[in-house]
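Excluded from the calculations below are hydrogen atoms, water molecules and symmetry mates; all remaining heavy atoms, backbone and side chain alike, are included. Each chain gets a letter, A, B and so on, in the order the sequences are listed, and its residues count up from 1.
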2 protein chains.
Amino acid sequence: MKSQTAPSLADVARRAGVSLSTASRALNDAYGVSAATRARVLDSAAALDFVVSPDARRLAIGTTGRVAVVVPHIERWFFGQMVSGIERVLSEADFDILLYHVDDAEDRREFLARLPARRKVDAVVVVAFPVGEAERERLELIGAKIVAAGGQSAAYPYVCIDDFQAGRLALDHLTSLGHRRIAMIAGSDPDQPGWPAIPGRSRAYESALGALGVDVDPALVRDVDWNPVNAAKAMADILDAAGEPPTAVYAHGDELAFGVLHTLRHRGYRVPEDISVVGIDNHPLSELLDLTTVAQDVGGQGAAAARLVLQALGREQDEPGADPGAGVVAPVHLIERASTAPPRT
Amino acid sequence: MKSQTAPSLADVARRAGVSLSTASRALNDAYGVSAATRARVLDSAAALDFVVSPDARRLAIGTTGRVAVVVPHIERWFFGQMVSGIERVLSEADFDILLYHVDDAEDRREFLARLPARRKVDAVVVVAFPVGEAERERLELIGAKIVAAGGQSAAYPYVCIDDFQAGRLALDHLTSLGHRRIAMIAGSDPDQPGWPAIPGRSRAYESALGALGVDVDPALVRDVDWNPVNAAKAMADILDAAGEPPTAVYAHGDELAFGVLHTLRHRGYRVPEDISVVGIDNHPLSELLDLTTVAQDVGGQGAAAARLVLQALGREQDEPGADPGAGVVAPVHLIERASTAPPRT
DNA sequence: CTGAAAGCGCTTACAG
DNA sequence: CTGAAAGCGCTTACAG
C-alpha cells in the first residue's frame with residue numbers, strides 16, 4: 001500500500017548514530033554541533049540521498065518558501081517575460097514559484113478570496129491587475145506579502161512603467177515629425193469593454209493632441225482586446241470610416257501595431273511614406289518589422305518585483321535609500337526605426 | 001513574535017463543540033457524520049474563515065497536490081502556450097503548479113537530480129527536453145510520475161507532434177509547387193550547436209529533397225538558435241554565399257521564418273513572387289504576415305500532457321482504449337497563405 | 001555539544 | 001455517528 005518512500009531525518013540520524021535533534025541541527029544551523037558529528041550526519045545524509053521534506057519543515061517552521069505568481073495571460077509575450085524575470089530571482093533565492101492563471105475579474109476576485117486562507121505561500125505577486133482593498137487586508141492578516149508587477153498601487157509595493165510618459169514619448173515623436181492627424185489603437189480591458197486597459201497610454205494621446213490644439217477625432221480611435229488580428233480589423237475600420245486617412249497611427253502596444261502594419265500593407269499604404277506607425281513595448285519581433293516603438297524591459301521589471309518580494313519578506317538587506325513599500329517605476333525609451341517619418345505634405 | 005495566524009481545525013472543532021476527528025471528517029468525507037453535526041462544523045468553519053493548511057494536510061496524507069512544470073524558455077511563445085495548456089487542466093483538477101525554469105543541459109541535469117529527494121511534487125512534466133534514464137528511475141522510485149510535452153520518450157508518457165511529418169507537409173507543399181532549390185533555416189540546440197534542435201524537421205528536408213533526386217546543398221542550409229534576428233542574418237548569409245538564390249525557404253519554425261521574411265524584404269525580394277517561405281507552428285503573428293505554415297495546437301498539447309499526468313496519478317478514469325504510459329501525437333496541418341507560390345521559371 | 005520532548009496542523013485507523 | 005490517540009517529518013526551546 002505504502003508507496004516508495006524517501007529516507008527521513010530519522011533514517012539519517014539512526015545511520016549516524018545521533019538523535020533527531022542533532023541530525024536536524026547538523027543539517028541546518030552551523031552552531032551547536034561538533035565538527036565530527038556534523039560530518040557523520042552529513043555523510044549519512046549523502047549516503048541516503050536525503051533531502052528534507054519541505055512540507056514537514058514548513059509545518060514546523062511556519063513558512064512556506066513559496067510565492068504565488070498570478071497572471072492573466074501567461075501565453076502572451078509580456079506576461080511570459082514578466083514571469084521569467086520573477087522566476088529568475090526568486091528561484092535563486094530558493095523560493096518555489098506557484099503559477100496561477102486567472103482570466104477575468106471574477107476569476108481574480110475568487111482566487112484572491114481563496115488564497116489567504118490557503119496559506120500556501122509567503123507572498124503573492126499579481127501581474128498587471130489590481131487587488132481590492134478587502135483582499136489585500138485578508139492577505140496581510142495572514143502575513144502574506146503582496147507586490148504588483150506591471151501596475152501600480154498605493155497600498156503595496158509595485159513595479160511598473162510610467163504609461164503616460166511612454167505614450168507621450170511615442171506621440172511626441174510623431175508630433176515633432178509634424179503629424180497632426182494621428183489615429184490611436186487602444187488596448188482595451190475585456191472586463192470593461194470600451195475602457196482602455198492602460199489609461200495612461202490613452203491620456204497621453206489626449207494630452208499630446210491637446211498640447212497642439214488638435215481635437216480628438218473619434219473616427220480615428222478604436223479599442224481592441226490586444227489581439228493583433230482585431231487590431232488589423234480596427235485599422236481597416238478606421239480607414240473605411242474616416243474620410244481622410246490619418247498620417248500616423250499610435251498603438252498602445254507593438255502587438256497591436258503589427259495588426260496595423262498588416263492592414264496598411266494590404267490596403268496598399270506604404271509605411272512610413274504614406275502612414276507612420278509607432279507602438280510601445282519593443283516586442284522581440286518589432287525589430288524585424290522595423291517598428292518604431294517605446295521600449296520597456298519587462299523581464300527586468302519582473303526581476304525588480306521579485307526583489308521587492310524578498311525585501312518584504314526580510315530576505316534581503318534593504319538597500320540604503322530603498323523605501324520598502326514604495327514602488328519602482330522602470331525607465332522607457334524611444335527606439336526609432338523605419339516605421340515613422342514626417343508626413344507627406 | 002508569532003505573526004498573525006490563520007484559524008486551525010482545532011478552532012473550528014472547538015467552536016462547533018466537536019472533536020478534531022469529527023471536524024476533519026465533516027470537512028472531508030461525506031460519510032460518518034450526522035447531517036446536523038456536519039452543518040455545525042461547516043458553519044463554524046465558515047464563520048472562522050477556515051481553510052485547511054495544505055502543508056499539514058499533505059504531511060498527513062502523504063501527497064503533495066502539486067506538479068512541477070519544467071521549461072527551458074518560458075518567455076517564448078511555444079512554451080508559454082504549453083504552460084498555459086498544462087495549467088488550465090491541472091488547476092481545474094485542483095493541483096497547484098510549481099514552475100521551474102531551466103536553461104541549459106547542465107541546469108536540467110542538476111534540477112532533476114535534486115527534485116526527487118525534495119518530494120515537493122507528485123509529478124513533473126518536462127517541456128521539450130529529455131530526461132536521462134538515471135533521473136527517471138530516481139523520480140519513479142519516490143513515486144513521482146513524469147510526462148513529457150513537446151518531445152517523445154520510450155520511458156514515460158508524452159505528447160508531441162510528428163516533426164518529420166510536419167516538415168514533410170511544409171516541404172511537399174513547396175516541391176509540389178515546383179520548387180527544387182530550397183533553403184533551410186534550422187532551429188538548433190544551443191547545447192549542441194550544429195545539431196538540429198528538432199531532428200525530425202531536418203530529416204524531412206533531406207527526405208523530401210532525396211525523393212526528388214535533389215542533393216542537399218550546404219550553402220542553402222543554416223543553423224539558428226531560434227532567435228528571429230539571427231534567422232534574419234542567416235538568410236542574408238545564404239543570399240550572400242549561394243551563387244543563385246533559392247526559390248524557396250523552409251524554416252523550422254515561424255519565428256525563424258519571420259527573420260527570413262525581414263531579410264528578403266530588405267534585400268528587395270518579393271514574397272512569394274521571387275522567393276517562397278514556409279514555416280512550422282502557426283504562431284499568432286503568422287496570419288498577419290501571411291506566412292504559409294504547418295499548424296500545431298500547442299496549448300492543446302499542454303492540456304493533453306496534463307491529462308496524462310492525471311491519468312498517471314490515477315486521478316482520471318482511464319478512457320477505454322487509452323493506453324496509459326503510451327504517447328499521444330497531436331495532429332498538424334498545412335495552412336496555405338500568401339508566402340508561397342510556384343517558382344518563377 | 002547533545003538528547004528527550006513537545007509542537008506545527010492535519011488525517012485516519014481503532015474503539016466505542 | 002463520534003472521540004482519543006498515534007502518526008506524517010521536521011524544528012526548537014529546555015535540560016543536561
* Within this structure, what is the CD1-to-P distance between A:Ile61 and C:dG9, rounded to whole angstrom? -> 13 Å
* Asked: Rounding to a whole Å, what distance do you find between B:Leu20:CG and C:dT12:P?
  -> 13 Å
* To do: May I ask you to evaluate whether A:Thr22 reaches the phosphate of C:dC1, defined as a side-chain N or O under 4.0 Å from OP1 or OP2?
  => no
* To do: State the dot-bracket string of DNA chain D. Criteria: Watson-Crick or G-U wobble, both atom distances under 3.5 angstrom; notation: ( ) intrastrand, [ ] crossing earlier pairs, | interstrand, . unpaired.
  => |||.||||||||.|||
* Does any non-hydrogen side-chain atom of A:Asp122 lie less than 4.5 Å from one of A:Arg66? -> no
* How many Å lie between CG on B:Leu9 and P on C:dT12, as a whole number? -> 12 Å
* Would you mind reading off the distance between A:Arg57 atom CZ and D:dT12 atom C1', rounded to a whole angstrom? => 12 Å
* Does a donor on one side chain sit under 3.5 Å from an acceptor on the other, for A:Ser24 and A:Ser21? -> no
* To do: Indicate yes or no: at least one non-hydrogen side-chain atom of B:Leu308 is less than 4.5 angstrom from one of B:Gln311.
  => yes
* Kindly give the heavy-atom pair with the smallest separation between B:Pro72 and B:Phe79, and that separation in Å. => CD-CE2, 3.4 Å
* **Pairwise C1' distance, C:dT12 and C:dG16 [rounded to whole Å]** => 16 Å
* **Pairing of A:Arg40 and A:Asp43 as salt bridge, 4.0 angstrom limit** => no
* Contacts to DNA chain C from residues 11-19 of chain B, heavy-atom cutoff under 4.0 Å, which residues? -> none
* To do: Round to a whole Å and report the spacing from CG of A:Leu59 to C1' of D:dT11.
  => 11 Å
* Asked: Closer than 4.0 Å, any side-chain N/O of B:Thr37 to the OP1 or OP2 of D:dT2?
  -> yes
Check nucleotides 13-15 of chain D for protein N or O atoms closer than 3.5 Å to its own N or O atoms and list the pairs.
from	atom 1	to	atom 2	distance (Å)
D:dA13	N6	A:Arg25	NH1	3.4

* Asked: How would you label the contact of A:Ser34 with the nucleic acid (heavy atoms, under 4.0 Å): base, sugar-phosphate, or nothing?
  -> sugar-phosphate
